[in-house]
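This report refers to the structure that appears directly beneath it.
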Amino acid sequence: MEKYNTQDFSSITCEIQIIKGRNIDQSSLGKSNLFVRCYLPAGNNQKVKLNSQEISSKSDLFWDESFSLNCMGNQDSINMMKQGTVVFELRSRKYLPLLGKNISGSQLLGRVEIPWKRVFESTEMEIEEWAIFMATSKNINKDVKPPAVKIAMKVKVNETTKINKLRRPWDESCACKGYCGCNSNSIFSADAYEIFALGASLDAF
């Protein structure tokens, strides 16, 4: 006889907003574009990479763009998310003409990490701050302020919904122990936090 295990799942909404930059030495960048790259943890030492739109290094350094993520997760996946850290990289990109095509490569200007735990423990589970991007190069001029980007992060956990998960004995030879979904008909058989991160979509304001 098939057995079902009832679990509580919540609708999770998360937003990462890249607002604007400051203290970026625009004169040294020449004719190039700036963008922010985000790395979201997705479980099993995997990361999801998302890039913001590119803006001219000669502009007013204003992105006003957000990454919106929506998914279902149980308490375990929420706890896992709290242990994760979002890595932000400030990058510049130059386009060079070659044989009638534009080739490009990006240069890392600085990196910063913000843990999700800070967002969950903040008032109304949202933060907005000037994130200081520390340069990775050893040749740093200490008299120059490091570049900064104003970043907002927000999490909303909506009403809990009970979902019946079909429980079946898994094949002992399968290392996933049933979590890969090979012995289940539920879309939540895989790690819910991985589904959350991989379900990211980019929405610009």
Side-chain angles (χ1 to χ4, degrees), residues 12-43 45-71 81 84-119 122 126-142 144-156 193-205:
I12 305 171
T13 302
C14 169
E15 184 177 284
I16 299 174
Q17 186 180 4
I18 311 298
I19 304 174
K20 58 183 178 180
R22 72 180 183 188
N23 299 335
I24 298 175
D25 186 4
Q26 295 168 284
S27 61
S28 66
L29 295 174
K31 190 177 181 181
S32 61
N33 291 341
L34 292 171
F35 67 97
V36 176
R37 176 172 292 172
C38 305
Y39 291 97
L40 303 175
N45 295 320
Q46 301 295 316
K47 293 182 179 180
V48 177
K49 180 177 70 175
L50 299 171
N51 291 339
S52 73
Q53 63 181 328
E54 297 183 10
I55 62 174
S56 172
S57 60
K58 303 299 183 182
S59 69
D60 57 0
L61 306 180
F62 192 70
W63 282 278
D64 196 16
E65 186 174 17
S66 68
F67 299 93
S68 180
L69 301 88
N70 299 277
C71 198
M81 181 180 176
T85 298
V86 181
V87 177
F88 297 91
E89 292 182 348
L90 178 62
R91 289 180 167 270
S92 66
R93 189 192 304 277
K94 290 185 178 181
Y95 292 89
L96 302 175
L98 180 65
L99 300 176
K101 296 182 179 179
N102 284 330
I103 61 173
S104 66
S106 64
Q107 176 185 359
L108 178 63
L109 301 180
R111 177 184 287 125
V112 67
E113 297 184 13
I114 300 179
W116 279 115
K117 186 176 181 180
R118 284 184 49 202
V119 183
S122 64
E126 60 181 302
I127 63 173
E128 181 176 310
E129 63 183 47
W130 282 100
I132 307 301
F133 284 71
M134 302 307 297
T136 56
S137 173
K138 294 181 180 180
N139 299 322
I140 302 174
N141 187 345
K142 296 182 179 179
V144 178
K145 292 183 179 180
V149 175
K150 198 169 192 178
I151 294 173
M153 298 173 65
K154 183 178 181 179
V155 173
K156 183 178 181 181
Y193 182 58
E194 291 185 35
I195 297 175
F196 174 84
L198 291 173
S201 62
L202 176 61
D203 296 320
F205 284 152

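Keep in mind that this is a model prediction, so the values were computed, not measured.
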- First locate atom OG of S66, then atom CD1 of I19, and finally report the distance between them rounded to the nearest 0.5 Å. 10.0 Å
- Task: Answer yes or no: is there a side-chain heavy-atom contact under 4.5 Å between W116 and M153?
- Result: yes
- Item | F62 to D64 - nearest heavy-atom pair and separation | CE2-CB, 3.5 Å
- Side chains of R91 and N33: closer than 4.5 Å at any heavy-atom pair? no
- Task: Please examine the side chains of I114 and I127, heavy atoms only from C-beta on, and report whether any two atoms are closer than 4.5 Å.
- Result: yes
- Query: When rounded to the nearest 0.5 angstrom, what is the spacing between CG in L109 and CZ in F35?
  - Reply: 9.0 Å
- Exercise: identify the closest heavy-atom pair between L29 and D25: CG-O, 3.5 Å
- Message: If I compare all heavy atoms of G110 with all of F133, which pair ends up nearest, and what's the gap?
- Response: O-CD2, 3.4 Å
- Query: Are any of the side-chain heavy atoms of I18 and F88 separated by less than 4.5 Å?
  - Reply: yes
- Heavy-atom pair of closest approach, residues L34 and W63: O-NE1, 3.7 Å
- Query: Between atom OG of S106 and atom NZ of K94, what is the distance when rounded to the nearest 0.5 Å?
  - Reply: 12.5 Å
- Task: Working to the nearest 0.5 Å, report the span between CG of L90 and CD1 of I24.
- Result: 5.0 Å
- Would you say E65's side chain and Q53's backbone share a donor-acceptor pair under 3.5 angstrom? yes
- Message: Quick one, L61 and R22 - any side-chain contact, counting heavy atoms below 4.5 Å?
- Response: no
- Message: Taking the side chain as everything from C-beta on, heavy atoms only, tell me whether I151 gets closer than 4.5 Å to V86.
- Response: no
- Tell me, yes or no, whether the heavy-atom count around K117 atom NZ, taken from other residues, nucleotides or ligands under 6.0 Å, exceeds 12. no
- Going from CG on D60 to CD1 on I55, what distance comes out if it is rounded to the nearest 0.5 angstrom? 7.0 Å
- C14 vs M81 side-chain heavy atoms within contact, under 4.5 Å: yes
- May I ask you to decide if S57's main-chain N or O and Q26's side chain share a donor-acceptor pair within less than 3.5 Å? yes
- Item | Heavy-atom check, side chain of W130 versus side chain of K20, under 4.5 Å | yes
- Item | Separation of K154 NZ from S122 OG (nearest 0.5 Å) | 10.5 Å
